[in-house]
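To start, the structure itself, in structure tokens.
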Amino acid sequence: MATVGIIDYGMGNLHSIAKALRYVASDEQIEVSFDPDTLAGMDRLVLPGVGAIGHCMEELHRLELDDMLREQIGVKPLMGVCLGIEALMTHSEESGGVDCLGAFPGNTVHFAKPEVNTDGTRRKIPHMGWNQVRQERHHPLWKDIAPESWFYFVHSYHVVPQDRQHIAGTTDYGERFASVILRDNVFAVQFHPEKSQSAGLQMLANFLEWNGNA
Amino acid sequence: MGLAKRIIPCLDIDKGRVVKGVKFLEMRDAGDPVEIARRYDQQGADELVFLDITASSEDRGTLMDVVEKVAGEVFIPLTVGGGVRALPDVRRLLQAGADKVSINTAAIANPEFVAEAAYRYGSQCIVVAIDVKNVAKKNEDPYWEIFTHGGRKSTGIEAIGWAQKLVSLGAGEVLLTSMDRDGTKSGFDIKVTRAVSNAVSVPVIASGGVGTLDDLYDGLAAGGADAVLASSIFHFGTYTIQQAKNYLAGRGVAVRDATYR
């Protein structure tokens, strides 16, 4: 039986992602854990999280999960969700500037100011709600997901990958930002697939089937 | 296209059943919450809000069962409120499967609670529910105050400044209910919706008074709300969520067109 480890480092609500993965999983065993050895033994890993990146990196370090992740990146399929996408970049300007795991060269930045839409209405931060994702390349992770499908977002920062080849999906919120990034066997999404109804569940199912080839 | 405006059905829960009253009186039974949640999800609801209005604390456990069941099969954001007074309440609801919790009366007694909850669990899961009434005399400019106890008790707190204060303490979203309009089907209070929406940096959900699809449009367009909350028009089958979205899309509002499994 294939196994999926959800990395529990105390940041936010892991119940939703566990519930959604269990809902779409057929044979896989879904485990939520903070133990580096248990997680290192899983076939695939999910790095979720909500909150601020400073506390996130401190907790990953305190629980010795950062070293485990650095070792496993490139070895087995890994999915980052929301704060997880930020943790996978080189650096974030959030929390006064924080070095992250570095799976993707590039930074995480705050949405640009002024926070006003082109029609004069106020652009609310966080970017909260349903928005569309443009698929920037063909990939098994997009299987059976319609172009421009809607996903649920909640975030104030977004990633800026240095290598445009790593961008697999983009979204408009006053500016166009990378909402899905991908390289080798690591992929990460800014939105919450576990809260994005059928499109999100399909993406989770695709991740469980993905052989980890870019 | 950009961010969609959200349509959010609200389920008032009493002892594990969905109920609906007019201005908190004359409660009518509207059905089983899990069944209703499933139906709204299939119709394309963007989120669901559950408000526990159970009076006695021993009956409150049923809400957890409801949240847990819904969270196991409906994969859109779930907000749960009613009786959230301390951090353990927040934790229990998040563990049951809520994505956000709504804090109302407890914020009035202790605004710091909003800050503590936001610090511990993140602003993204802390919604502040504020119930407002226009207390100005006729012919005067409107002046809104915060009310509690289903609109019966005034707090004397000015509403716009209060919303700003709670956001500065860490609230990630504001659920704004006009107690003048709640249950009346006469439309949102557009003025207070616009005033709060302009005053805070976070999304505002307009609530209280929806009777027609036109009312939803006004709340989003004239009121500037990011989302609209309604119950009666959906519970009693007057409109489906899909009809509401089709109507709004026809008037140029960005809405999510869901495709279903």
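Naming: A, B, ... by sequence-line order, numbering from 1 per chain.
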- Message: If we count only N and O atoms by modelled type, under 3.5 Å, do the side chains of Tyr40(B) and His235(B) hold a donor and an acceptor together?
- Response: yes
- One option among Gly122(B), Ala118(B), Pro77(B) has the most heavy-atom pairs under 4.5 Å with chain A, and it is Pro77(B)
- Interchain contact, His127(A) with chain B, by part (heavy-atom threshold 4.5 Å): side chain
- Query: Hey, are the side chains of Ser179(A) and Phe153(A) touching, using non-hydrogen atoms and a 4.5 Å cut-off?
  - Reply: yes
Throw together a table of side-chain donor-acceptor distances under 3.5 angstrom for residues 216-229 of chain B, partners on residues two or more places apart or in other chains.
| residue | atom | partner | partner atom | Å |
| --- | --- | --- | --- | --- |
| Asp226(B) | OD2 | Lys124(A) | NZ | 3.2 |
| Asp226(B) | OD2 | Val204(B) | N | 2.8 |

- Message: Run the ring pair (Phe, Tyr, Trp, His ring centres under 6.0 Å) test against Phe151(A) and tell me which residues pass, sequence neighbours left out.
- Response: Phe191(A)
- Task: Check each atom of Ser197(B) against the heavy atoms of chain A and say whether the ones under 4.5 Å are side chain, backbone, both or neither.
- Result: both
